[in-house]
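One structure below.
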There are 2 protein chains.
Amino acid sequence: MFQVRDGELQALLWERARAPFSGCWSLPGGVLGEGETLEESILRHLETKVDVSEVAHLEQLGTWSEPERHPERWELATAYLGLVPVGIDPHVPADTRWHRVDELPPTAFDHGAIVLAGRERLRGKLSYSNVGFALAPPTFTLAELRDIYAAALGYDVSATNLKRVLVRRGVLEATGGRRTHGPSGGRPAEVFRFRSRSLEVTDQFAVFRPPS
Amino acid sequence: MFQVRDGELQALLWERARAPFSGCWSLPGGVLGEGETLEESILRHLETKVDVSEVAHLEQLGTWSEPERHPERWELATAYLGLVPVGIDPHVPADTRWHRVDELPPTAFDHGAIVLAGRERLRGKLSYSNVGFALAPPTFTLAELRDIYAAALGYDVSATNLKRVLVRRGVLEATGGRRTHGPSGGRPAEVFRFRSRSLEVTDQFAVFRPPS
DNA sequence: TAGGTTTTCGACTCATAGGCGATAACCTCG
DNA sequence: CGAGGTTATCGCCTATGAGTCGAAAACCTA
């Protein structure tokens, strides 16, 4: 589970009280039940940590199978990538905390590598899809969206260019409203929203394609 | 396993002799052994069908977990995408055949959907990576490479543009050799090869990025 | 109403992609 | 050996999308 918090990309982890990896931080999840779908299972285990209705996007990341990943048992793990919009502060249990992806604490198993794989997946999709909807609140100004993209991508982003690109692609649309920033004044910003709140991929990256 | 054969993208399938899905066509694979990596397992099962040293690229595609996918048992499947270069004609058992992905025969389980998911993954990566190396022979002319791309992508491709794009990206390089086409004459074509024969992703698709 | 602040717009440059005709370099056949 | 056919390649053009930057717009406070 990823969320942009305090201007940085953070991941939800819980601290293990028992061996193996006691004291290390671990991804939320658990054992797959018989006759259960992987996605059902993820949501079932997630419910013990957060309100799953706040998860705006969920997709399968991959399956890790190295036998050494677990010191005691032979156990595969299928990881999912989940995104929570900014502005939501889900209630989490005492052993569970958000951690900056850039400075992960010691992690259990291969969970550190899985988190980094999830970040790369997210970064790629931000460029060629509308996944941003799952990180952004329902409506937002361009400055706010720029900060979200910058946090997730890890580098500065120009608000001018971000708007042009996303509007041209039909990903963003103006709500018509305006919002003023704070006590310091400044021109009120236009308020935008994502046209769709389900994953859509930009087809423009199909290269070598003759314009039909 | 995909290969471009007779100018079309084809997938390797074997015909089931026993229930369930007797007479339907099935993906090569089998049950994961204890303490085995998924990739090791795939290669082990594949060895009974083809010479695995001819597989130029192998990557995990995803894990399918719907309980209804198997009529008798509860069974997950992790699928891999493998690519074999043109020109190789691996010896396969009697029950195993290549099938055009565009006209799949009746398939067992959800294997039809898995094949189509693999094709989409391949099509995407052809645009933003050098995966072509795994479909092309060691050296080739541009006309040959164009035909491979056209077969995999499903639409015509211009050789002029293909060369320009792949050379600019540093994916292709000329060997210096030339090759003449056949009895009908014509200017001899330049011979190319892929600069690298392992997967490399074009970074140009990271949009919103200021040129550092 | 002046000055500060933030947002937005427009003009420009740049890089990559795609189209098309011209030319190059081979063949075969008379 | 030259004419005509065939295939490959190159050069020039256009189109499109991305990135930069400065100017103007629209708010605030003093």
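Every heavy atom of this structure was used, including side-chain atoms; hydrogens, water molecules and symmetry mates were not. A, B, ... follow the sequence lines: proteins, then strands. Residue 1 opens every chain.
- One finds a salt bridge joining B/Lys125 and B/Glu59 here, because a Lys/Arg side-chain nitrogen approaches an Asp/Glu carboxylate oxygen to under 4.0 Å.
- Mapped onto DNA chain D by nearest heavy atom, A/Val165 and A/Pro188 fall at different nucleotides, with A/Val165 at the one closer to the 5' end.
- The CG atom of A/Asp203 sits 13 Å away from the C1' atom of D/dG17 (whole-angstrom rounding).
- Taking atom CZ on B/Arg178 and atom C1' on D/dA8, their separation rounds to 9 Å, with Å as the unit.
- Using a 4.0 Å heavy-atom distance criterion, B/Arg169 is classed as a sugar-phosphate-only contact.
- The minimum heavy-atom distance linking A/Ala77 with A/Arg69 is given by the pair CB-NH2, 3.2 Å.
- Close placement of the B/Phe140 and B/Phe194 rings is indicated, their centers lying within 6.0 Å of each other.
- Here the closest non-hydrogen pair linking A/Thr37 and B/Glu66 is OG1-CA, 4.2 Å.
- Here the side chain of B/Val207 is nearest to one of D/dA18, C/dT7, D/dA26, namely D/dA18.
- Inter-axis angle, ends of the helix from C/dT1-D/dA30 to C/dG30-D/dC1, five pairs per end, rounded to 10 degrees: 10°.
- Listed by chain and residue number, nothing satisfies the side-chain contact (heavy atoms from CB on, under 4.5 Å) test with A/Ala113 (two or more places apart in sequence, or in another chain).
- Atoms CZ (A/Arg168) and C1' (D/dA15) sit 12 Å apart, rounded to a whole Å.
- What separates CZ of A/Arg209 from C1' of C/dG19 is a distance of 17 Å, to the nearest Å.
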Side-chain donor-acceptor contacts of residues 148-157 of chain B below 3.5 Å, not counting sequence neighbours, with atom names and distances?
residue	atom	partner	partner atom	Å
B/Tyr155	OH	A/Val207	O	3.4

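- Between B/Leu58 and B/Leu43, some side-chain heavy-atom pair lies under the 4.5 Å cut-off.
- Nucleotide D/dG19 holds its P atom 8 Å from the CZ atom of B/Phe208, rounded to whole Å.
- At distances below 3.5 Å, not a single donor-acceptor pair connects side-chain atoms of A/Thr96 with backbone N or O atoms of A/Lys49.
- B/Glu36 and B/Arg44 are joined by a salt bridge, as a carboxylate oxygen and a charged side-chain nitrogen come within less than 4.0 angstrom of each other.
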Using residues 79-94 of chain A as the side-chain source, report each donor-acceptor pair under 3.5 Å to any protein atom, sequence neighbours left out, with the distance given to one decimal.
residue	atom	partner	partner atom	Å
A/Tyr80	OH	A/Gln60	NE2	3.3
A/Asp89	OD1	A/Arg5	NH1	3.3
A/Asp89	OD1	A/Arg5	NH2	2.9

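- Near DNA chain C, defined here as any heavy-atom distance below 4.0 Å, the residues from residues 133-164 of chain B are B/Thr160, B/Asn161, B/Arg164, listed numerically.
- Rounded to whole Å, the distance from CZ on A/Arg187 to C1' on C/dG3 is 18 Å.
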Protein-nucleotides 27-30 of chain C N/O pairs closer than 3.5 Å?
residue	atom	partner	partner atom	Å
C/dC27	O3'	B/Pro183	O	3.2

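- Atom-to-atom distance recorded for A/Glu15:CD and A/His99:NE2 is 7.5 Å, nearest 0.5 angstrom.
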